[in-house]
**Q** 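One structure, pasted below without further comment.
We name chains A, B, ... by the order of the sequence lines, and we start the count at 1 in each one.
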Protein chains: 2
Amino acid sequence: MTTIKDVARMAGVASSTVSCVLNDKGNVSEPTRIRVLEAASQLNYVRHGPASELKRNSTQTIGIIVHDMSSPYFSDLVNGIETVVMSHGYDMIVCSSLGGEKSTAHRYIRERRIDGAIVIAQNIQDQLLIEASEAGFPIVVMDRDLDAQHIVKVLMSDTQGGYLATRYLIDKGHRTIAYISGPSQSECNLHRYQGYLKALKEAGIEENPEWKIGGQYMKQDGYDAAKKLLEGELPSAVFFANDEMAIGGLEAFREHNISIPEQLSVIGFDNIPASQYMNPPLTTFRQPKRDAGQLAGHVLFQLLNGEIVETLYTLDIQCVERDSVRLLNLS
Amino acid sequence: MTTIKDVARMAGVASSTVSCVLNDKGNVSEPTRIRVLEAASQLNYVRHGPASELKRNSTQTIGIIVHDMSSPYFSDLVNGIETVVMSHGYDMIVCSSLGGEKSTAHRYIRERRIDGAIVIAQNIQDQLLIEASEAGFPIVVMDRDLDAQHIVKVLMSDTQGGYLATRYLIDKGHRTIAYISGPSQSECNLHRYQGYLKALKEAGIEENPEWKIGGQYMKQDGYDAAKKLLEGELPSAVFFANDEMAIGGLEAFREHNISIPEQLSVIGFDNIPASQYMNPPLTTFRQPKRDAGQLAGHVLFQLLNGEIVETLYTLDIQCVERDSVRLLNLS
DNA sequence: CTGTTAGCGCTTTCAG
DNA sequence: CTGAAAGCGCTAACAG
């Protein structure tokens with residue numbers, strides 16, 4: 001392994017000079033600069049990261065914490081973060097929080113192997129985050145309700161999303177709207193539901209308990225829910241708490257020859273890739289993930305620079321209008 | 001920041017003893033062990049990663065290199081790797097190769113901030129990989145044709161995949177099979193096509209050039225290709241080089257009231273999530289990504305231990321049988 | 001069984 | 001403008 005000393009020796013200067021040249025620091029005359037650079041490239045020198053990190057007490061990298069790598073859900077988010085991290089000359093790595101205390105995420109945060117973190121994972125303990133942030137480690141959490149002094153939250157509000165989705169249907173003239181819910185432990189489902197209720201109330205519509213059916217966010221649940229709906233009086237629109245269930249629902253309706261959107265309007269939530277391939281293409285709502293990622297990145301760097309920032313940022317949900325909703329004649 | 005020395009002082013021992021206790025090394029009497037542990041937890045001590053890495057000259061972490069984080073394609077693969085990395089007590093991080101020389105992937109590999117890498121990205125230069133591996137840095141590449149002394153390849157053979165897919169149709173009695181190809185620069189498309197030709201030839205079937213139509217792997221391309229197919233004489237089956245195009249094709253056929261699979265059989269490739277939601281659910285072929293990930297992980301650790309390993313591993317493609325292919329009456 | 005010691009490779013004063 | 005020297009926090013001999 002070739003070190004800074006080898007380069008120094010070859011260029012006939014001190015190792016400190018080499019360091020200055022390589023880091024563009026301070027005052028080095030052009031001739032020595034060149035000599036050093038040449039020696040370095042001759043010897044194929046690359047700095048040893050950990051040594052540099054130790055000395056600087058900074059890793060110049062920020063970590064994205066995800067609950068497991070398998071979720072395509074995070075793609076856009078991570079992409080948004082990446083652009084801003086790169087523009088700051090920093091590195092970015094993704095760490096999984098799978099494995100609790102022994103997870104890479106835990107270790108990297110606690111051992112200072114990253115300079116800051118954006119937390120997407122929901123399953124990492126508040127404890128760790130609070131402790132770390134109190135020790136001066138900057139943290140931004142996404143879509144998580146964590147109140148702690150030094151932690152910044154970025155939310156893509158599901159409550160507002162549920163509200164907007166329902167409003168959308170109401171604005172199209174629908175007054176009888178079913179809600180097919182996700183798992184009752186799911187916070188985001190809860191929020192979407194609350195938004196739904198709010199919109200209903202605002203429009204002076206009573207909730208009909210028969211039109212609230214529970215599911216687990218899976219396609220099959222949507223299918224089952226639709227079947228159940230078909231047993232009673234049909235509403236004019238159905239709000240599925242996520243696209244996957246909506247897709248299952250579409251299938252059930254097709255089996256019963258209910259044509260969408262002529263006889264029944266359907267919306268989903270999330271805008272998963274498959275939603276556009278449906279027949280009809282599914283109208284759904286999407287979170288502005290890329291923007292949220294960029295925002296989170298910006299805020300993190302502000303934190304890193306010791307700037308004062310808001311402690312909560314909220315982004316608006318967006319409507320992806322396709323062909324599964326019908327405009328009702330308003331009487 | 002509390003260091004090992006603080007702990008040592010508090011416990012009334014030398015810092016080396018603390019190190020031994022914390023790393024479960026060598027000989028420390030039970031009483032001192034306990035005293036040290038208590039002092040450490042009292043002071044809320046956490047070791048400084050970079051310092052430890054510098055000293056050990058090892059980071060105990062391996063890197064997964066991806067071309068960008070946005071591809072859900074890699075989920076299973078990464079998952080497979082993760083299980084084996086964790087079982088070795090190592091950490092795993094995902095690095096993007098986006099940004100060329102300045103990408104996190106480049107830096108982490110060159111600066112020795114990881115102990116080894118599994119490369120999924122196709123856009124990272126051979127150069128870097130070869131140099132690193134020759135310097136003793138273990139590398140496993142996935143699905144990439146890179147011949148270098150010290151690099152291990154894990155392939156999920158597309159040639160064999162194309163062959164198997166075509167054989168599948170032939171075995172169901174189809175003799176007229178169209179191939180809707182991906183981009184001509186795409187290696188995996190090329191391989192799938194070669195596999196297709198091989199199966200045809202083996203069955204004594206001539207290729208019909210009218211039934212080979214080019215696309216770019218997008219849904220729209222599949223749609224267009226299907227339209228073109230509909231202008232001439234229809235084959236009895238169509239092999240789309242990927243699911244996305246197959247989905248577009250399905251749409252075109254539906255518009256022309258061609259019922260699948262009664263009038264025409266269709267297969268795709270990749271087993272993307274949307275494929276199961278199609279009408280009819282799409283029969284397709286999948287790469288054993290999870291297994292491949294595990295294999296890659298295993299091999300990497302063997303490399304890390306200096307064990308001798310094969311330089312090439314190949315995994316078989318698997319058929320996901322759904323409802324888009326009809327069994328023809330064999331006459 | 002425990003403590004002393006000598007660095008790992010790098011950056012950064014600070015004096016020449 | 002350049003170099004000598006100190007030391008980041010940790011680990012691994014090795015001597016007591």
**Q** Are the side chains of A:Val119 and A:Val140 in contact, using a 4.5 Å heavy-atom criterion?
**A** no
**Q** So which of residues 49-60 of chain A are in contact with DNA chain D, with a heavy-atom cut-off of under 4.0 Å?
**A** A:Leu54, A:Lys55
**Q** Taking five pairs at each end, how big is the angle between the two axes of the helix from C:dC1-D:dG16 to C:dG16-D:dC1, to 10°?
**A**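 Rounded to the nearest 10 degrees, the bend comes out at 40°.
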**Q** Check ring pair (Phe, Tyr, Trp, His ring centres under 6.0 Å) between B:Tyr90 and all other residues, then give those that pass, not counting sequence neighbours.
**A** B:Phe301
**Q** Can you list the residues that meet the salt bridge (charged side-chain N to carboxylate O under 4.0 Å, His left out) rule with B:Asp91, with sequence neighbours excluded?
**A** A:Arg107, A:Arg113
**Q** Out of A:Leu37, A:Val18, A:Val21, which one pairs with A:Val7 under the side chain to side chain contact (heavy atoms under 4.5 Å, CB included) rule?
**A**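 Considering A:Leu37, A:Val18, A:Val21, a side chain to side chain contact (heavy atoms under 4.5 Å, CB included) with A:Val7 is found only for A:Val18.
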**Q** Strictly below 4.0 Å, heavy-atom distances to any atom of DNA chain C: list the hits from residues 39-47 of chain B, or just say none.
**A**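 Nothing qualifies; none.
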**Q** Give me, pair by pair, the N or O atoms of the protein and of nucleotides 2-5 of chain C that are less than 3.5 Å apart, along with how far apart they are.
**A**
residue: C:dT2; atom: OP1; partner: B:Ser29; partner atom: OG; Å: 2.9
residue: C:dT2; atom: OP1; partner: B:Thr32; partner atom: OG1; Å: 3.2
residue: C:dT2; atom: OP2; partner: B:Ser29; partner atom: N; Å: 2.7
residue: C:dT2; atom: OP2; partner: B:Ser29; partner atom: OG; Å: 3.2
residue: C:dT2; atom: OP2; partner: B:Thr32; partner atom: OG1; Å: 3.0
residue: C:dG3; atom: OP2; partner: B:Ala14; partner atom: N; Å: 3.0
residue: C:dG3; atom: OP2; partner: B:Thr17; partner atom: OG1; Å: 3.3
residue: C:dG3; atom: N7; partner: B:Ser16; partner atom: OG; Å: 3.2
residue: C:dT4; atom: O4; partner: B:Ser16; partner atom: OG; Å: 3.1

**Q** Taking only residues two or more places apart in sequence or in another chain, which ones pass side-chain contact (heavy atoms from CB on, under 4.5 Å) with A:Glu307?
**A** A:Gln302, A:Asn305
**Q** Quick one: do A:Glu82 and B:Ser96 satisfy side chain to side chain donor-acceptor pair (under 3.5 Å)? Show the steps, please.
**A** CA-CA 9 Å; A:Glu82 191 165 27; B:Ser96 157; 2.8 Å; yes
**Q** Take A:Ile109 and A:Leu128 through the test side-chain contact (heavy atoms from CB on, under 4.5 Å) and record every step on the way to the result.
**A** CA-CA 9 Å; A:Ile109 291 177; A:Leu128 168 73; 4.2 Å; yes
**Q** Partners of A:Lys153 by side-chain contact (heavy atoms from CB on, under 4.5 Å), sequence neighbours excluded?
**A** A:Val141, A:Asp145, A:Asp147, A:Leu312
**Q** Who are the side-chain contact (heavy atoms from CB on, under 4.5 Å) partners of A:Gln122, not counting sequence neighbours?
**A**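 Residues passing side-chain contact (heavy atoms from CB on, under 4.5 Å) with A:Gln122: A:Asp143, A:Arg144.
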**Q** What's the shortest heavy-atom distance between A:Leu303 and A:Pro138, and which atoms?
**A**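 Distance-wise, the nearest heavy atoms are CB-CB, 3.7 Å.
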**Q** How many angstroms lie between CD1 in B:Ile151 and CD1 in B:Ile130, if you round to the nearest 0.5 Å?
**A**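 The CD1 atom of B:Ile151 sits 5.5 Å away from the CD1 atom of B:Ile130.
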**Q** Using the salt bridge (charged side-chain N to carboxylate O under 4.0 Å, His left out) criterion, which residues pair with A:Glu101? Sequence neighbours excluded.
**A** none
**Q** Report the distance from atom CG of A:Leu22 to atom OG1 of A:Thr17, rounding to the nearest 0.5 Å.
**A** 11.5 Å
**Q** Which residues pass the side-chain contact (heavy atoms from CB on, under 4.5 Å) test with B:Thr32, sequence neighbours left out?
**A**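 Listed in chain order: B:Val13, B:Val28, B:Ser29, B:Arg35.
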**Q** Output the distance between atom OH (B:Tyr217) and atom CG (B:Asp270), rounded to the nearest 0.5 Å.
**A** 7.0 Å
**Q** Considering only heavy atoms of chain A and a distance under 4.0 Å, specify the first and last nucleotide of DNA chain D in 5' to 3' order that meet this criterion.
**A**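 Span of nucleotides near chain A: D:dC1 to D:dG9.
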**Q** Which is true for A:Lys25 with a 4.0 Å heavy-atom rule: it touches a base, it touches only sugar-phosphate, or it touches nothing?
**A**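 If one applies the 4.0 Å heavy-atom cut-off, A:Lys25 turns out to touch the sugar-phosphate alone, with no base involved.
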